[in-house]
Amino acid sequence: MNELDLKAYVTKADGKVIRVKVTNNLIASDLEKLGFVFDNDLSEFVFQTADNAEKGALFSDLRDKGVSFSAGKEWCPSEVFEYLREIGMVNGSYQRVSWKAPKEPHITIE
């Protein structure tokens, strides 16, 4: 498995809730150690943040574990990462994921 394999990706992060979709179950225990809880209805792991400082720390942890941040429209997770980086709550690069087609992720380092 190389560094650009899609293990998991943040699907939502524009409010206080962060949601992560797992594509490789080996990362599930890492998410649970960070405080994420699996939501059966969404089939995603969720975490409720208190503020941008906590979100920034969590984004750093997710990035360090190889979790990608999805691209999209209006405050998608990759845009939230970039915003937090601009205001100094997170630093460094991250994996941005978009899709060429269903089940064909395209990952870049931003």
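Contact check for V20 versus F36: side-chain heavy atoms found under the 4.5 Å cut-off. Counting only heavy atoms from C-beta outward, the side chains of N24 and L6 never approach each other to under 4.5 Å. Using a 4.5 Å heavy-atom threshold, the side chains of I107 and Y9 count as separate. Counting heavy atoms from C-beta on, the side chains of Y83 and N52 come closer than 4.5 Å.
In this structure, F81 and F59 have parallel ring planes: the angle between them is below the 30° cut-off, well short of the 60° mark. Using the six-membered ring where Trp is involved, F45 and F38 have ring planes that are perpendicular, over 60° apart on the 30 and 60° scheme.
In terms of the side-chain hydrogen bond (donor to acceptor under 3.5 Å, both in side chains) criterion, residue partners of S68 (sequence neighbours excluded) are, by chain and number, Q95. In this view, D64 satisfies the salt bridge (Lys or Arg N to Asp or Glu O under 4.0 Å) rule with no residue, not counting sequence neighbours. With sequence neighbours left out, the side-chain hydrogen bond (donor to acceptor under 3.5 Å, both in side chains) criterion links Y94 to E82. For E32, the side-chain hydrogen bond (donor to acceptor under 3.5 Å, both in side chains) test picks out no residue, with sequence neighbours left out.
Screening residues 91-108 for salt bridge (Lys or Arg N to Asp or Glu O under 4.0 Å), with sequence neighbours left out, gives no hits. Within the structure, the salt bridge (Lys or Arg N to Asp or Glu O under 4.0 Å) test picks out the following pairs touching residues 37-56 (sequence neighbours left out): R19-E44.
A salt bridge links K12 with D14; the closest basic N to acidic carboxylate O contact falls under 4.0 Å.
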